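I have placed the structure first, in the form of structure tokens, so that the comments after it can refer back to it.
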Amino acid sequence: MMRDIKACSIEELNTLAEEIRQKILQTVSKNGGHLSSTMGATDLIVAMHSVFDVEQDPFIFDVSHQAYAHKLLTGRWDTFDTLRQFGGICGYTKPKESKYDYYVAGHSSTSISLAVGAAKAIALKGEKRIPVALIGDGSMSAGMAYEALNELGDRKYPVVIILNDNEMSIAKPIGAISKLLSQTMAGSFYQKFKAKVEKVLEHLPESASYLAKRFEESFKLITPGILFEEMGIEYIGPVDGHDIASLMETMRVAKALGKPVIIHAQTTKGKGYEIAEGTKENWHGVSAFDLKTGIAPQKNGAKAATAIFSEMLVELADADEKVVGVTAAMPSGTGMSAAIAKYPNRFWDVAIAEQHAVTSMGPLAKEGFKPFCTIYSTFLQRGYDQVIHDIALMDLGVAFALDRAGIVGEDGETHQGAFDISYLRAIPNMTLLAPYNETTMKLCMAFAKEYAHPCAFRYPRGAFLAQDRQSPPYELGKSVLLKEGEEILFIGYGNGVGRAEQTAQLVDANVGILDLRFVKPLDVSMLTQLSAGYKKWFVFSDSAALGGVGSALLEFLSEYKIQDVQVTTFEYDDAFITHGNTKRVEESLGILPEQLAQKIS
């Protein structure tokens, strides 16, 4: 059921906000998920639902992992315990899940553009609705947000933007005077007074108008809103993002202005759970943990691919001062945090700015350095033009390390690493390679470090499927036959090698296994040789089938007029892949080894 909170008193709303935080804590501690940012945004969302009409007004979240409270207020309280589970509630807003989720929002910095688009549609339809965008301060680091603000400030559509500043990275209140000024500017009296003054100024001589405007500008200089005001966006704040009464008053003022407004609200990450409060990166996204201690259960098992990358990157940096690197707001997630800590002048986190991250590595390669651009597979999509125009076109030796390739599990559709092979394979000068265990990861990185052209190597979230073993060094465009067989050949790429080996153990046939290593360029000599003895090829790669590894092999067979080889690929079908436990998701796709073994004939 929907929670109708518009008639609630402030006391009741504060109680409700606390109940929501407890529900989030209980659920995330069991299921894992995003915690600190969504806890910090709870009061903002309660105030949003109190002031605006979720039935009519587009509620837009950026990024929507902070929208858990919104989900709980829009009929999903009783099913919230299925959060991020297979078949359960998505960890991000999802219109297919609820009509109150206006837009999908798993990647950052889209909300203001979405709000502008919604405002245009509302204006064309002659309606009185108003888009409301809640954007985290981290999302303000990407250029798309400012592109949208630029148009919004010019066109003056009525839009309310709530800036959730939970890092104090945009502005820091300066003592009691700043607090007084912020409260004053957030009040209706100041906004009405300002509007009247602006009307008066229209009729004053130019000199008097100039002096009055200079006075107002000097007033704003000691508040943090001058950037937005200069872009033509009304600015209110900073306001206390946990004072629901003040938030509601401020939102009502913003709503009544009938023009673009930014409400700058300062919040505390992890609000309500002391262990997670503050700017602690490790509480952004969490696995299941003990509520009393905040400690997650120890995981036993093979070393994660990200950890292997992290260690090897530091080794390469230790041995060669020309090795540098960049990540976009994911130093821990990509494993670059160790290199940043040891070599802060050579490894950089540039915040949520994938386009800038990619382009900035080009000149470093041009100047003789060896850049590793370390980004999740799904997030490199945001820097695609830069890969083509600023790196590949110049044939610069930037190595793209693509973490989270394949199924990523609970983050779901917006984060699955399915498309990188397809979108990179078409780019001239680009070389694509992949490791399948710890040894090959190190060999792959050693190759990439010495390679003087653009290349990209992909690796999974978590551990590789294959056991570690000795392996020869990587040579450009050369594959390795791991096992000889008869008639049937399993061709694995990256983590697909491990899946191929597991499947081979379950089939009643003597199959050959090839570690493809490179999907661009292909090992033409080896493939031609193998086509003479193996007439059934089965492709194993954790990637989209369209434009993927199977496509590359079929193109090879066509080009070399080899017509007697049958190719079957076990790559992903042409559909977005849902969220859930990785094994459950893979089972739904029919790609578990025991399922694949039934398809071999």
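The structure presented is a predicted model; accordingly, all values stated were derived computationally and were not measured.
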Could you check whether any side-chain N or O of [X] sits under 3.5 Å from a backbone N or O of [Y], counting only pairs where one atom can act as donor and the other as acceptor?
{"X": "Gln26", "Y": "Lys23", "value": "no"}
{"X": "Arg425", "Y": "Gly547", "value": "yes"}
{"X": "Thr93", "Y": "Tyr103", "value": "yes"}
{"X": "Asp62", "Y": "Ser111", "value": "yes"}
{"X": "Arg499", "Y": "Leu596", "value": "no"}
{"X": "His579", "Y": "Gln85", "value": "yes"}

Looking at side-chain heavy atoms only, is the closest gap between [X] and [Y] below 4.5 Å?
{"X": "His284", "Y": "Leu35", "value": "no"}
{"X": "Ile513", "Y": "Ile491", "value": "no"}
{"X": "Asp523", "Y": "Phe518", "value": "no"}
{"X": "Phe400", "Y": "Leu380", "value": "yes"}
{"X": "Arg404", "Y": "Met330", "value": "no"}

(request) Over 60° means perpendicular and under 30° means parallel, so classify the ring planes of Tyr560 and Phe556, tilted if in between. (result)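 Rings of Phe556 and Tyr560: tilted, 30 to 60°.
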Ring centers of [X], [Y] separated by less than 6.0 Å:
{"X": "Phe540", "Y": "Phe570", "value": "yes"}
{"X": "Phe490", "Y": "Trp537", "value": "no"}
{"X": "Phe447", "Y": "Tyr451", "value": "yes"}
{"X": "Tyr68", "Y": "Phe80", "value": "yes"}
{"X": "Phe379", "Y": "His107", "value": "yes"}

(message) Does either side chain, that of Thr359 or that of Gln386, offer a donor lying less than 3.5 Å from an acceptor on the other one?
(response) no
(message) Nearest 0.5 angstrom please: Asp385 CG to Asp390 CG, how far?
(response)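 Going from the CG atom of Asp385 to the CG atom of Asp390 covers 7.0 Å.
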(message) So, taking the atom named OG in Ser541 and the one named CG in Asn495, what distance separates them when rounded to the nearest 0.5 Å?
(response)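 If we round to the nearest 0.5 Å, Ser541:OG and Asn495:CG are 9.0 Å apart.
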(request) Among His34, His415, His70, find the residue that satisfies the ring-ring contact (aromatic ring centres under 6.0 Å, His included) test when tested with His65. (result) His34
(message) On the six-membered ring of Tyr343, is Arg346 placed so that its NZ or CZ lies under 6.0 angstrom from the centre and within 45° of the ring axis?
(response)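 Because its charged atom sits under 6.0 Å from the ring centre and within 45° of the axis, Arg346 does stack over Tyr343.
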(request) State whether Tyr493 and Arg517 meet the cation-pi test: NZ (Lys) or CZ (Arg) under 6.0 Å from the six-membered ring centroid, and within 45° of the perpendicular axis. (result)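 No; the conditions do not both hold, so Arg517 does not lie above the ring face of Tyr493.
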(request) Inspect the contact between Lys442 and Glu438 and indicate whether a charged nitrogen and a carboxylate oxygen are less than 4.0 angstrom apart. (result) yes
